[in-house]
Visitor: 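Input: one structure, supplied below.
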There are 2 protein chains.
Amino acid sequence: MPERNVSKSVIKRLPVYLRILDQLIQRRVDMVSSKELSNESGFTAEQIRKDLAYFGAFGTRGAGYNTVYLRERIIKIIGLDKKIDTVVIGAGNLGTALTRYNSAKNPYVNVTAAFDRDSRLVGKKIDNIEIFDIEEAPRYIGGQDIRVAIIAVPAAAAQEAADLVVKSGVRAILNFAPVKLHVPEGVHVHNADLTIELQSLIYYSSAEEERNERLKKETKDGKSDKSFPLE
Amino acid sequence: MPERNVSKSVIKRLPVYLRILDQLIQRRVDMVSSKELSNESGFTAEQIRKDLAYFGAFGTRGAGYNTVYLRERIIKIIGLDKKIDTVVIGAGNLGTALTRYNSAKNPYVNVTAAFDRDSRLVGKKIDNIEIFDIEEAPRYIGGQDIRVAIIAVPAAAAQEAADLVVKSGVRAILNFAPVKLHVPEGVHVHNADLTIELQSLIYYSSAEEERNERLKKETKDGKSDKSFPLE
DNA sequence: TAGATTGTTAATCGATTAACAATC
DNA sequence: TAGATTGTTAATCGATTAACAATC
C-alpha cells in the first residue's frame, strides 16, 4: 500500500503545495527546494519534506524538487488528475458566488449544476451553469456519478440537503451552513462556516492586554457572580 | 491574568459553542450539559469542558451550563460584546457575497464599507453598504478605527491590499486570496482559501482502495521513474 | 441523600521540530 | 569532490482523551 492513513493536517497542506507549484510552473521555474516552498507556504521546510515523504520520495538530494513532476504526483495523490465534477446545493447569494468562484478560480473542479428549491430561481443560469429544482438532485447526482457536493443553503435546510445528496451517492460535502451535519460513516464533511472564521479571528484583533482588561472589568462590574480562579 | 495563551484550536471552537448557545436560547432552553453541546458541535464533552475551563468555571456541577450566562461569557472572551466593525476589500463576486453574507448572517459583525479599485464599482452599493475607491481605505480605516478586514481581491493584488490595511491600523485579516500574506508581527491572518478547502475534501471523496489503485497504476504506467518505497 | 455533571489532573496520543545520514 | 538538500529517525512539544474527585 502506497500510504497508510495520513493525517488530515497533512492532506490540508497538499493543495497549498499544489497552488504554489502551479504558480512556479507558470513562471517557468523548474526546480524548487523545501526551503523555497516554506517561504511561499508558511509551513516549515522540515514539515513539507515530511508531508511529501508520506507518499514517496519525489525530490533529488542536493537539488530539490522538480516542479512539474511534484505537481503531477500531488494531483494524483489528491485525486485531481481528472477534473472533478461537483454540484452546488443552494443558489442564493453564497451558492451563486461559490458556483462562479469555483468555475473561475478552481482549475481542478467543474461545477456542473446548481440546485435550489425556490421555483423562481429554477431554470435560470449562473454564468452557464443551470439551476435545477432540488427535487431533480438525486437523479442528476446519481446519473452523473457526482461524488462531491457543496452545500450553501440556510441552516434549517442543510441537514435535509445533506441527506439528499448522500442518498444519491455523494461521498464528500463542503458545508457552508452553520450546523453540524450528521452523515453516515464514510461520508466526509468539511465545514466552511464563514461567520465562525471571522469570529475566531476577532479574538486576535484586540491586543492581549485589552482582552484581559475586558474580562477583568466584567467580573468587577458585578454582572457576574462567578470569579476567575486565577488572577 | 484571566488566561494564559490559549491555543488556536480552542479559540476556533468558541464560536461554535456560541452559535449553538444562540440556537438554544432562541428555543428558550436555559440549561445545557457538555454532553448536549457535544452532540450539537461534534466535539467531545471532555474537550468542551476543558476548553471552557481555560477561561473560568462557568457551569454548575450536576446541572450543566446556563445558556444565557455561558453565551455572555463567551462573547466577552472572543470580544464580541460590542458589534465589531469590519471592511471588505474587493467588491467582485466573492467580496459582494461576503459583504451580504456577513451583514445578513453574522449578528456580531458590521460590514461598514467595501473597497475596490475598479472605478465602475465605486459609488455603487451592496445592499446598503457603499463601495469606495481603494485609495480611500487608509483614511476610512484609520478614521473609523477598524481593526478587522476581509480581503477578497485577486491573488496578485492581495499583498498590496494587506499592506494597505495593516498600515491603516488593521490587526486581523480574513484572507480569501490564494496567497500567503506577509504581515508584521502582531497582525493575525486567517486564510479561507475556498479552492483549497474543496481540493483537500476531494482527497476523501474516493474510497481508500480507489486512491491506492490510482497511485499504483501511475507507477506501473512507466510515467514515473521513481518507485514507492512501500508496496 | 443519590444522581448527575462539572472542573481538573494524569495518561495517551499525535503532530511538529530537530538532527543528521544518505546522496545527488 | 564539495556543497546542497533530501528523506528519515529520534526528541520534543502540544493537544486530546480518560479518569475521577468535587460538588451541586
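In what follows, every chain begins at residue 1, and chains take the letters A, B, ... in the order their sequences are listed.
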Visitor: Is the ring pair B:Tyr204/A:His188 parallel, tilted or perpendicular, if the boundaries are 30 and 60 degrees?
Guide: parallel
Visitor: Within this structure, what is the CZ-to-C1' distance between B:Phe55 and C:dT8, rounded to whole angstrom?
Guide: 16 Å
Visitor: Which atom pair, heavy atoms only, marks the closest approach of B:Lys105 to A:Thr195?
Guide: O-CG2, 3.9 Å
Visitor: Take the protein atom CZ of A:Phe43 and the nucleotide atom C1' of C:dA15, then report the distance between them rounded to whole Å.
Guide: 13 Å
Visitor: Should the pair B:Arg19-A:Asp193 be classified as a salt bridge under the 4.0 Å nitrogen-to-oxygen rule?
Guide: yes
Visitor: Where the side chain of A:Arg49 is defined as all heavy atoms beyond and including C-beta, which of C:dT17, C:dC20, C:dC24 is the nearest nucleotide?
Guide: C:dC20
Visitor: Please indicate whether B:Lys83 has more than 12 foreign heavy atoms, meaning atoms of other residues, nucleotides or ligands, lying under 6.0 Å from its NZ.
Guide: yes
Visitor: In whole angstrom, what separates A:Phe58's CZ from D:dT5's C1'?
Guide: 17 Å
Visitor: Can you tell me the distance, in whole Å, between the CE atom of A:Met31 and the P atom of D:dG3?
Guide: 20 Å
Visitor: Return the 5'-most residue of the pair A:Ala63, A:Lys8 with respect to DNA chain C, ranking by each residue's nearest nucleotide.
Guide: A:Lys8
Visitor: Is B:Ser33 near enough to C:dT5 that one of its side-chain N or O atoms lies under 4.0 angstrom from OP1 or OP2?
Guide: no
Visitor: Roughly, in whole Å, what's the span from CG in A:Asn39 to C1' in D:dT5?
Guide: 15 Å
Visitor: Roughly, in whole Å, what's the span from NZ in A:Lys35 to P in D:dG7?
Guide: 17 Å
Visitor: Provide, to the nearest angstrom, the distance between the CG atom belonging to B:Asp51 and the P atom belonging to C:dT6.
Guide: 13 Å
Visitor: Is any N or O donor-acceptor pair between the side chain of A:Arg61 and the base of D:dT6 shorter than 3.5 Å?
Guide: yes
Visitor: I want to verify a distance call: between D:dT16, C:dT17, C:dG7, whose nearest atom is closest to the B:Ala57 side chain?
Guide: C:dG7
Visitor: Name the nucleic acid region contacted by A:Lys50, choosing base, sugar-phosphate or nothing; use a 4.0 angstrom heavy-atom cut-off, strictly under.
Guide: base
Visitor: Apply side-chain hydrogen bond (donor to acceptor under 3.5 Å, both in side chains) to the pair B:Ser34 and B:Arg49, showing each step before the final yes or no.
Guide: CA-CA 6 Å; B:Ser34 56; B:Arg49 293 202 301 275; 3.1 Å; yes
Visitor: Could you tell me the separation between the OH atom of B:Tyr69 and the P atom of D:dC24, rounded to a whole number of Å?
Guide: 14 Å
Visitor: Which residue, A:Leu18, A:Ile74, A:Asn106, forms the side-chain contact (heavy atoms from CB on, under 4.5 Å) with A:Leu80?
Guide: A:Leu18
Visitor: What stems show up for DNA chain D when you take Watson-Crick pairs (N1-N3 plus N6-O4 or O6-N4) and G-U wobbles (N1-O2, O6-N3), both under 3.5 Å, and require three or more consecutive pairs?
Guide: C:3-24 with D:3-24
Visitor: Let's see if you can work this out: which of D:dT16, C:dT16, D:dT8 has an atom nearest to the side-chain heavy atoms of A:Ala53?
Guide: D:dT8
Visitor: Measuring to OP1 and OP2 of C:dC24, would you say a side-chain N or O of A:Tyr65 lies under 4.0 angstrom away?
Guide: no
Visitor: OP1, OP2 of D:dG14 versus side-chain N and O of B:Ser7: anything below 4.0 Å?
Guide: no
Visitor: Verify the contact: side-chain N or O of B:Arg13 to OP1 or OP2 of D:dA15, cut-off strictly under 4.0 Å; return yes or no.
Guide: no
Visitor: How far does CG of A:Leu52 sit from CG of A:Leu14, to the nearest 0.5 angstrom?
Guide: 7.5 Å
Visitor: From the options B:Asp22, B:Asp81, B:Asn102, select the one residue that forms a side-chain hydrogen bond (donor to acceptor under 3.5 Å, both in side chains) with B:Tyr108.
Guide: B:Asp22
Visitor: Any side-chain N or O of B:Thr60 less than 4.0 Å from the OP1 or OP2 oxygen of C:dT6?
Guide: no
